[in-house]
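Single-structure report; data block below.
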There are 2 protein chains.
Amino acid sequence: MSNHQNVPKATLQRYPVYLKALRKLQHLGISRIMSRELSEFVDVEPTTIRRDFSFLGSLGKQGYGYDVGSLIEIFDAHLGGSFQEKLIIVGAGNLGRALMNYNRWNHVVGEIACAFDVSADKVGNAYEIPVYPMSQLKEKLPEGCRIAILSISSNVQETVDLLVEVGIKGIVDFTHEHIQVPKGVTVKAVDVVSMIQELVFETNAMK
Amino acid sequence: MSNHQNVPKATLQRYPVYLKALRKLQHLGISRIMSRELSEFVDVEPTTIRRDFSFLGSLGKQGYGYDVGSLIEIFDAHLGGSFQEKLIIVGAGNLGRALMNYNRWNHVVGEIACAFDVSADKVGNAYEIPVYPMSQLKEKLPEGCRIAILSISSNVQETVDLLVEVGIKGIVDFTHEHIQVPKGVTVKAVDVVSMIQELVFETNAMK
DNA sequence: AATCGTTTGTGAATATGTTATCATTATGTC
DNA sequence: GACATAATGATAACATATTCACAAACGATT
């Protein structure tokens, strides 16, 4: 149990999907579920679901299924619901502010501690989150902060290097550019354009 | 060439990454590249790159490498750069408006034709893009529109069903909820929280 | 024009990820 | 309390994806 090292990438990508689906089920008043039922819900084969779950321990009971509540707790624990991550937003433009306004963060995956921006007129407070000038990154970076959300549109690589320098280990990348990081730092690109490109390709294939 | 049907999923997910990297290279004035060089740039093995490329034809020259400009053209063509996709945004709240303000759309992957929202006060124009009431979805949907960007926060599944009904084939999903679609419709979830959850999991594994 | 060095593109080998099968073990019933 | 039922979890078969290894092809050089 909890040897995260060897959880397949593909499995890892499904964990948040399971968690969301389980939340929906709980909301619907369902407290017990079998892999076969869950399968139709998330469109993943029952066997795959069971294998995915098994990496985190023996979560189910034979002849019974899984307890929705327990599953949510376990996934929450592993995916950061319980340990309060301190997140920072880098770039307080349109998108950055939209993200700050998402008041869904607390108790889901941590909280946005503060934001940074180069232009002086963005500095101050936005949606109750302090916005500091980029130059104060080192001083204002919250203790133990590992994850940054990147919502800038210029000087991208430069800023990334800066973030790496102060110890950021994971970047959620909203820029449209290609960025490079050293080993040990993970980038998750959130690019609408890329998503649409994939959709276009697939949709064409079907036609 | 161009039998999209059998391009592996994993490969497809890398295409937008290559395209972005190639654009960066072109910007840096590099007009010729070898798979080995590109490899360090995108952190994908040279052989994998060559195989990925080969699905689209024989794009390179032995003993020489690839021409950056030609590659960009080819990827553009396959990923929707040339055929003008008509996109719609469903939900004109904070996030929807941030997306509309991204004036990067034109000639990258198509254009945002219009947006829809349930609340009357959002209807009108935002950043030069018309916003129609949700009730007029059927009438105002652009001819041939296949892809919708979903940036709503309530009545999610209901809205998805509606979109499927009018013929949408691909959804870029910004909601935090779990949604279900029939076969033939593809959903790409863009969920910051999920991304962070994956990062937390991986970052913990490394520690 | 022939040779050399280099890099692509692909068939074969390996590794990774998914699905089928089944023994095991729990629940619920008589 | 023993038995039938049913769903998990693990092992084995399969499928997909990555990497190796090398022949074919191009540019550069003599």
Side-chain angles (χ1 to χ4, degrees), chain A residues 1-18 21-22 25 30-71 74-75 198 201-202 205, chain B residues 1-18 21-22 25 30-72 74-75 78 198 201-202 205:
Chain A
M1 143 126 170
S2 89
N3 189 353
H4 291 184
Q5 220 78 346
N6 43 28
V7 173
K9 266 187 190 169
T11 295
L12 176 52
Q13 284 181 186
R14 283 190 293 266
Y15 280 163
V17 177
Y18 294 139
L22 289 165
L25 286 165
I30 297 164
S31 63
R32 168 186 164 177
I33 193 145
M34 297 169 309
S35 57
R36 186 153 36 84
E37 296 175 296
L38 187 58
S39 169
E40 289 176 35
F41 214 69
V42 294
D43 199 30
V44 175
E45 289 298 309
T47 321
T48 305
I49 292 176
R50 294 207 295 277
R51 176 166 293 262
D52 283 350
F53 284 12
S54 73
F55 288 108
L56 303 178
S58 287
L59 311 183
K61 289 178 188 169
Q62 278 96 333
Y64 177 89
Y66 298 88
D67 181 73
V68 174
S70 319
L71 277 185
I74 289 164
F75 275 107
E198 285 177 51
F201 197 96
E202 285 177 38
Chain B
M1 145 128 171
S2 90
N3 189 351
H4 292 185
Q5 220 77 347
N6 43 27
V7 174
K9 267 188 188 166
T11 295
L12 177 52
Q13 285 182 183
R14 283 189 294 266
Y15 280 164
V17 177
Y18 295 140
L22 290 165
L25 286 165
I30 296 164
S31 63
R32 169 186 164 177
I33 194 149
M34 296 170 309
S35 59
R36 187 154 35 83
E37 296 173 297
L38 186 58
S39 169
E40 288 176 35
F41 215 68
V42 294
D43 199 28
V44 174
E45 288 298 309
T47 321
T48 305
I49 293 176
R50 295 205 296 276
R51 185 167 295 273
D52 283 350
F53 284 12
S54 74
F55 290 108
L56 303 178
S58 288
L59 312 185
K61 288 179 186 169
Q62 279 95 332
Y64 177 89
Y66 299 88
D67 181 73
V68 174
S70 318
L71 278 185
I72 290 176
I74 289 163
F75 275 106
H78 282 281
E198 287 176 49
F201 195 95
E202 285 177 38

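These numbers were taken from a predicted model, which means no experiment stands behind them. Lettering follows sequence order; numbering is per chain, from 1.
Of the candidates C:dT24, C:dT8, C:dT19, C:dT8 carries the atom nearest the B:Tyr66 side chain, counting heavy atoms from C-beta on. When distances are taken from the side chain of B:Glu45 to each of C:dA20, D:dT19, D:dT8, the shortest belongs to D:dT19. Considering only the side chain of A:Arg50, D:dA10 comes nearest among D:dC20, D:dA10, C:dG9. Across C:dG9, D:dA17, C:dG17, the shortest atom-to-atom separation from the side chain of B:Lys9 is found for D:dA17. Distance from the side chain of B:Tyr64 is smallest to D:dG27 among C:dT7, D:dT8, D:dG27. With D:dT18, D:dG27, C:dT18 as the choices, the nucleotide that has an atom nearest any side-chain atom of B:Thr11 turns out to be D:dT18.
In this structure, A:Glu37 and A:Leu25 have side chains that are not in contact, with every pair of non-hydrogen atoms separated by 4.5 Å or more.
The CZ atom of B:Phe53 sits 13 Å away from the C1' atom of C:dG9 (whole-angstrom rounding).
The aromatic rings of B:Phe53 and B:Tyr66 sit perpendicular to each other, their planes meeting at more than 60°, with 30° as the lower class boundary. Under the 30°/60° scheme for interplanar angles, the aromatic rings of B:Phe75 and B:Tyr18 are found to be tilted.
Each of A:Gln62 and A:Pro8 was matched to the nucleotide of DNA chain C holding its nearest heavy atom; the match closer to the 5' end belongs to A:Pro8. DNA chain D is contacted by both B:Val44 and B:Arg32; B:Val44 maps to the nucleotide lying nearer its 5′ end (nearest heavy atom per residue). In terms of position along DNA chain D, the nucleotide closest to A:Leu59 lies nearer the 5' end than the nucleotide closest to the other residue of the pair B:Ala10 and A:Leu59.
Taking only distance into account, the side chain of B:Arg51 never meets the base of D:dT18 through a donor-acceptor pair shorter than 3.5 Å.
As judged by a 4.0 angstrom heavy-atom cut-off over every strand, A:Thr47 is placed among the base-contacting residues.
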